[in-house]
Number of protein chains: 2
Amino acid sequence: MPDADRRLLDEIILPIRDVTARRDLIREGQSSDNVRLIIQGLACRYKNLPNGRRQIVAYLIPGDFCDLHVHVLKAMDHSIATVSACKVVDIPRYRIAEMTERPALARALWWATLVDEGTMREWLLNVGQRPAVERIAHLFCEFHVKLQAAGVVTNGTFSLALNQEDIADTTGLSMVHVNRCLQQLRELGLLKMRYKIVEIGDTVALMRFCGFNSNYLHLDALESVA
Amino acid sequence: MPDADRRLLDEIILPIRDVTARRDLIREGQSSDNVRLIIQGLACRYKNLPNGRRQIVAYLIPGDFCDLHVHVLKAMDHSIATVSACKVVDIPRYRIAEMTERPALARALWWATLVDEGTMREWLLNVGQRPAVERIAHLFCEFHVKLQAAGVVTNGTFSLALNQEDIADTTGLSMVHVNRCLQQLRELGLLKMRYKIVEIGDTVALMRFCGFNSNYLHLDALESVA
DNA sequence: CGTAAAATTGATCTGCTTCAACAAAGGTGG
DNA sequence: CCACCTTTGTTGAAGCAGATCAATTTTACG
């Protein structure tokens, strides 16, 4: 990445904001002139049904870019909330325009959009077609791969601020059933999650168990971007 | 839209290809230098599980643009197939580059991407949280709104090339259950679908029934684009 | 008019939900 | 540093939405 681009990036992410856990960053229906970017912590996009049921549709981890679409968008079609305490940056609209004028940055933004879309397609497959245990296993495989790429995995172990209700709302299952599936995965020796610490003994076994294929994350294309 | 842009568009969509129904346009894992664009007919994006289960993750109707991301992408993370007979155009990579240089066209492409993403989020909510009958009703509401905008709905009636298995693979339900839900919707007087013809008597009632809100389709932003 | 694709029906089964209670952790203020 | 309280996780029991299997009817179409 050219130095000038780096400098632009550094400048953009200057006013860093601290946000506590479990707090909405923006709600469905609101409009926004900013793109939100998570610098540290874990956040999620979600949608609600009138009856209160919640579906988490994406997680935002450090290194993930957010929507780049605000310049066409009139109102948010979903909400964003922190899961853990986060460091957040609000990038004004014109900054995005600046970024898209730099080929290297534009390419990175396109890549991020591509991965987001690919991930949602995979989630649809996951929620629509996989049985509960595999569904949950698949989610953890994805976190493992993404967090590994982010360099925060040691020995198949990483910390993840999710509780079982979050997992339920992500996979379209009930909390109770998620709990039982996690126990099953523990008994199978595939995955341990105890109080925000995830431990995957045999990554390959877990991935084979749920048919995980990381192609949708397009990590190969990442090299030509970063 | 400027005349020059129109001319560019007309030029791009020149070599039109006819494809019969139920045929793959491109398969997961393949790479592609082209973006496919559906001019006429109905197509879908889908993913398969090793055991054969299929999840449809998007429909492509005339007027919808396809992936604009090929220039970063190494391999397809999903397949695309026709549902009905289609007229298809393959747009080479450099043509996309040309288009993104025109502000009006670039804006339209961004809008299309935004809507695709918003739609997938809504589908996740649909598949993950809504009960079967509402889930199916919601799908038909979406088709109604999109096809209405495309100007092919008369009197709440439109033709839709889907069979019940497609609906099942879209909603994550079994074919048998889809059949029973459709009967239920018929009995409720909300929706009739007989052999590729969909008839919605009371649109408002159907939308209220499943809590449909078209905000995720961002039709308001369409005006500033088209 | 015959055949293949799609829709429909019935019966049975099960994966997951719901409800409701209880246990364990972890954070907090005294 | 302990007692309390809240959040999170765990367990059991009962019920049901939706799956599966398998046959039959209807429709489309060559």
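This is a predicted model, so every value here is computed, not measured. In what follows, chains carry the letters A, B, and so on, assigned in the order in which the sequence lines appear, proteins first and then strands, with residues in each chain numbered from 1.
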Original post:
Does Asp166(A) come within less than 4.0 Å of Arg22(A), counting only side-chain N to carboxylate O?
Top reply: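 A salt bridge links Asp166(A) with Arg22(A).
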Rounded to the Å, how far apart are [X] [atom1] and [N] [atom2]?
X: Leu160(A); N: dT8(D); atom1: CG; atom2: C1'; value: 15 Å
X: Asn179(A); N: dT7(D); atom1: CG; atom2: P; value: 19 Å
X: Gln164(A); N: dG9(D); atom1: CD; atom2: P; value: 4 Å

Original post:
Given dT6(D), is OP1 or OP2 found less than 4.0 Å from the side-chain N or O atoms of Arg22(A)?
Top reply: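 Indeed not, no polar side-chain atom of Arg22(A) lies that close.
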Original post:
Phosphate oxygens OP1/OP2 of dT11(D): is one of them under 4.0 Å from a side-chain N or O of Gln183(A)?
Top reply: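 Gln183(A) to dT11(D) OP1/OP2: side-chain N or O found under 4.0 Å.
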Do [X] and [Y] come within less than 4.5 Å of each other through their side chains, counting heavy atoms only?
X: His144(A); Y: Leu206(A); answer: no
X: Val145(A); Y: Met207(A); answer: yes
X: Phe143(B); Y: Val198(B); answer: no

Side chains of residues 129-137 of chain A: which donor-acceptor partners sit under 3.5 Å, not counting sequence neighbours?
| residue | atom | partner | partner atom | Å |
| --- | --- | --- | --- | --- |
| Gln129(A) | OE1 | Arg53(B) | NE | 2.9 |
| Gln129(A) | OE1 | Arg53(B) | NH2 | 3.1 |
| Gln129(A) | NE2 | Arg54(B) | O | 2.9 |
| Gln129(A) | NE2 | Gln55(B) | OE1 | 2.9 |
| Arg130(A) | NE | Asn126(A) | OD1 | 2.7 |
| Arg130(A) | NH1 | Cys210(A) | O | 3.1 |
| Arg130(A) | NH2 | Glu122(A) | OE2 | 2.8 |
| Arg130(A) | NH2 | His138(A) | NE2 | 3.2 |
| Arg135(A) | NE | Asn126(A) | O | 3.4 |
| Arg135(A) | NE | Arg130(A) | O | 3.0 |
| Arg135(A) | NH1 | Thr171(A) | O | 2.7 |
| Arg135(A) | NH2 | Val127(A) | O | 3.4 |
| Arg135(A) | NH2 | Arg130(A) | O | 3.0 |

Original post:
Of all heavy-atom pairs between Ile56(A) and Trp123(A), which one has the smallest distance, and what is that distance?
Top reply: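 Here Ile56(A) and Trp123(A) meet closest at O-CZ3, 3.5 Å.
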**OP:** Measure the CZ-CD distance between Arg121(A) and Glu28(B) for me, rounded to the nearest 0.5 Å.
**Re:**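 So the gap between those two atoms works out to 10.0 Å.
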Subject >> Where protein sits on nucleotides 17-30 of chain D, one letter per nucleotide: B base, S sugar-phosphate only, - none, heavy atoms under 4.0 Å >> reply: -BSBB-----SS--
Original post:
Taking the side chain from Asn34(B) and the backbone from Arg36(B), do they hold a donor-acceptor pair closer than 3.5 Å?
Top reply: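 Side chain of Asn34(B) to backbone of Arg36(B): no pair is present.
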**OP:** Tell me, please, the opening and closing nucleotides of DNA chain C, 5' to 3', among those with an atom under 4.0 angstrom from a non-hydrogen atom of chain B.
**Re:**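 Listing 5' to 3', DNA chain C meets chain B from dA6(C) to dA11(C).
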